[in-house]
Amino acid sequence: ASARNGMAWWQYLSGDSGQAQASFAELVDIRRNEAEGDAPSQYAETQSARIRDHESKEFWRDRFDRVGRVGNGWTYDQGYGAEVRLRDGAVWIEGQLTKESRTRLYRELPADRLLSLEAELTVHPDSRDVTVGIFVARETEGRTGDIRTHAAVELVRHWDGAVRATLTKKGELDAAAQDLNTAQWNVGEPMRVGIEKRGETSSDTTVTLWVDDVPVIENLALPTLGRSSQPLRFGIFVEGRAGRRASVSVDHVGVVRRRL
């Protein structure tokens with residue numbers, strides 16, 4: 001049995017995932033009369049499930065190495081004074097804020113397709129007292145364009161330099177922003193940040209947040225984010241008060257999603 005399982009795993013590593021799954025299934029069938037909890041059968045079933053899960057995913061990346069409009073499926077809510085533009089192989093959100101506001105650059109996917117978001121953000125030295133971060137949110141828009149947030153997770157660099165996480169559950173802010181013990185997010189230095197969503201159903205949906213490739217919150221329950229009746233919005237935001245200046249660049253955005 002161990003040899004059969006080893007052969008199946010070798011087939012997968014050699015690039016023949018179909019044959020690997022067939023070999024695992026064959027072993028399970030051969031050992032169908034063994035006692036419940038048979039270890040080789042359980043191993044084969046587990047590895048076969050892992051292969052199916054892995055092959056149901058795809059990785060999408062935007063390096064913003066183009067000219068003209070941001071485009072490429074991105075939408076943005078532009079605040080007062082901050083503009084969104086392509087420059088030097090990145091998206092820049094920059095300008096003098098004339099009113100307290102939030103500027104967002106985001107995409108949408110069904111909740112059961114979005115698995116993770118990552119991005120490289122740089123707060124440049126000419127920024128003044130603005131907050132920047134990434135988010136995943138379940139929202140609806142009213143007739144007048146007002147946005148209601150039903151569930152959300154945000155990973156934020158606050159204007160004072162603190163790195164924090166904010167959760168919204170059932171339309172209410174769940175708690176005050178939680179300070180995170182993480183690498184220093186210095187002005188002028190790019191920082192990779194990410195949000196990963198796990199769970200097969202809304203009831204077991206969790207989120208993991210990471211900064212500089214290190215998890216800072218793991219498997220935090222957020223079931224209201226996993227409901228698949230509405231798409232999720234995910235992306236980057238910059239916000240601040242009137243008179244503050246934004247100068248933030250966004251690059252190497254990556255999304256892991258389920259294949260159609």
Side-chain angles (χ1 to χ4, degrees), residues 62 64 67-71 74-107 117-137 139-142 144-150 152-168 171-195 209 211-212 216 233-253:
D62 198 339
F64 303 107
V67 295
R69 299 176 63 252
V70 176
W74 291 99
T75 300
Y76 50 87
D77 300 326
Q78 198 151 283
Y80 293 89
E83 296 185 357
V84 180
R85 67 187 74 178
L86 285 173
R87 178 161 63 85
D88 302 327
V91 172
W92 288 72
I93 303 174
E94 55 186 346
Q96 193 84 14
L97 303 184
T98 59
K99 184 178 180 180
E100 183 173 356
S101 58
R102 171 179 283 205
T103 295
R104 304 195 307 175
L105 178 71
Y106 67 89
R107 306 177 70 85
L117 164 70
E118 61 182 56
E120 182 181 280
L121 308 181
T122 305
V123 180
H124 293 274
D126 52 337
S127 272
R128 293 292 181 270
D129 299 337
V130 294
T131 294
V132 57
I134 61 173
F135 72 94
V136 177
E139 302 174 335
T140 53
E141 290 189 25
T144 60
D146 57 305
I147 297 174
R148 181 183 177 189
T149 301
H150 302 277
V153 55
E154 297 179 350
L155 177 55
V156 176
R157 182 194 188 275
H158 201 251
W159 64 266
D160 61 5
V163 182
R164 297 172 177 164
T166 302
L167 298 178
T168 300
E172 299 291 338
L173 193 64
D174 184 55
Q178 178 181 343
D179 287 338
L180 301 176
N181 182 20
T182 184
Q184 187 74 26
W185 190 338
N186 295 319
V187 169
E189 297 180 3
M191 179 65 78
R192 288 207 63 78
V193 291
I195 299 172
L209 282 58
V211 177
D212 198 24
V216 290
R233 290 179 173 175
F234 55 96
I236 302 94
F237 72 89
V238 176
E239 65 181 8
R241 297 179 181 176
R244 306 306 192 254
R245 176 171 178 76
S247 181
V248 176
S249 61
V250 183
D251 202 359
H252 300 292
V253 173

Novice: With a 4.5 Å heavy-atom cut-off, do Val253 and Ile236 have their side chains touching?
Specialist: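 The answer is yes, as the side chains (C-beta and beyond) meet within the 4.5 Å cut-off.
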Novice: With respect to Val238, which candidate in Leu105, Val132, Val123, Leu97 satisfies the side-chain contact (heavy atoms from CB on, under 4.5 Å) definition?
Specialist: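 Looking at Leu105, Val132, Val123, Leu97, the match for Val238 under the side-chain contact (heavy atoms from CB on, under 4.5 Å) is Val132.
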Novice: Is there side-chain contact between Val163 and Leu155, with at least one heavy-atom pair below 4.5 Å?
Specialist: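 In short, these two side chains touch, coming nearer than 4.5 Å.
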Novice: OG1 of Thr168 to CD of Glu154: how many Å apart, nearest 0.5 Å?
Specialist: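 Going from the OG1 atom of Thr168 to the CD atom of Glu154 covers 6.5 Å.
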Novice: Could you report the tightest heavy-atom contact between Val84 and Gln78, atom names first, then the distance?
Specialist: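 Answer, listing the atom of Val84 first, then Gln78: N-OE1, 3.2 Å.
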Novice: Out of curiosity, Arg102 CZ to Ile93 CD1, how far, rounded to the nearest 0.5 Å?
Specialist: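 So the gap between those two atoms works out to 11.0 Å.
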Novice: Is it true that, when you exclude Arg241 itself, more than 12 heavy atoms of the residues, nucleotides or ligands shown sit nearer than 6.0 Å to its CZ?
Specialist: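 Result for CZ/Arg241: open.
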Novice: Which one of Thr131, Thr182, Asp179 satisfies the side-chain hydrogen bond (donor to acceptor under 3.5 Å, both in side chains) criterion with Arg164?
Specialist: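 Testing each of Thr131, Thr182, Asp179 against Arg164, the sole residue satisfying side-chain hydrogen bond (donor to acceptor under 3.5 Å, both in side chains) is Asp179.
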Novice: List in chain and number order the residues that pass ring-ring contact (aromatic ring centres under 6.0 Å, His included) with Trp74, two or more places apart in sequence or in another chain; answer none if no residue qualifies.
Specialist: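 Residues passing ring-ring contact (aromatic ring centres under 6.0 Å, His included) with Trp74: Phe64.
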Novice: Nearest 0.5 Å please: distance from the CD1 atom of Ile134 over to the CZ atom of Phe237.
Specialist: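 The CD1 atom of Ile134 sits 9.5 Å away from the CZ atom of Phe237.
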Novice: For residues Ser127 and Val187, determine if any side-chain heavy atom of one lies less than 4.5 Å from a side-chain heavy atom of the other.
Specialist: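 Heavy-atom side-chain distance check fails, nothing below 4.5 Å.
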Novice: Nearest 0.5 angstrom please: Arg244 CZ to Gln96 CD, how far?
Specialist: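 With rounding to 0.5 Å, CZ (Arg244) is 9.5 Å from CD (Gln96).
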Novice: Check for a donor-acceptor pair, side chain of Thr122 on one end and backbone N or O of Ser249 on the other, with a separation under 3.5 Å.
Specialist: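 Side chain of Thr122 to backbone of Ser249, a donor-acceptor pair under 3.5 Å: no, none is there.
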Novice: Side-chain contact, heavy-atom cut-off 4.5 Å: Met191 with Asp212?
Specialist: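 Counting from C-beta outward, Met191 and Asp212 do come under 4.5 Å.
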Novice: Verify the neighbour count for atom CG of Asp160: are there more than 12 heavy atoms of other residues, nucleotides or ligands below 6.0 Å?
Specialist: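 Check passes, neighbour count above 12.
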Novice: Is there a side-chain contact between Val91 and Asp251 in this structure, where contact means two heavy atoms from C-beta onward sitting under 4.5 Å apart?
Specialist: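 They are not in side-chain contact.
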Novice: Could you pull out the closest heavy-atom pair between Thr149 and Glu139, with the gap in Å?
Specialist: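 Thr149 and Glu139 have their closest heavy atoms at OG1-OE2, 3.9 Å.
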Novice: For the atom pair CH2 (Trp159) and CD (Glu239), what is the distance rounded to the nearest 0.5 Å?
Specialist: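 Here the rounded value is 12.5 Å.
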Novice: What are the two closest heavy atoms between Ser101 and Tyr80, and how far apart are they?
Specialist: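 In this case the closest contact between Ser101 and Tyr80 is OG-N, 3.0 Å.
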Novice: Answer yes or no: is there a side-chain heavy-atom contact under 4.5 Å between Leu121 and Trp185?
Specialist: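 Yes, side chains in contact.
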Novice: Please report the shortest heavy-atom distance between Thr98 and Gly81, naming the atom on each side.
Specialist: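 Minimum heavy-atom separation between Thr98 and Gly81: OG1-N, 4.1 Å.
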Novice: Within a strict 4.5 Å, meaning less than it, do heavy atoms of the Arg192 and His252 side chains meet?
Specialist: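 Yes, their side chains come closer than 4.5 Å.
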Novice: Are the side chains of Glu94 and His124 in touch, meaning some heavy atoms are under 4.5 Å apart?
Specialist: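 The answer is no; the side chains never approach within 4.5 Å.
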Novice: Kindly compute the distance separating CG (Leu117) from CG (Leu209), expressed to the nearest 0.5 Å.
Specialist: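 Result: 10.0 Å between the selected atoms.
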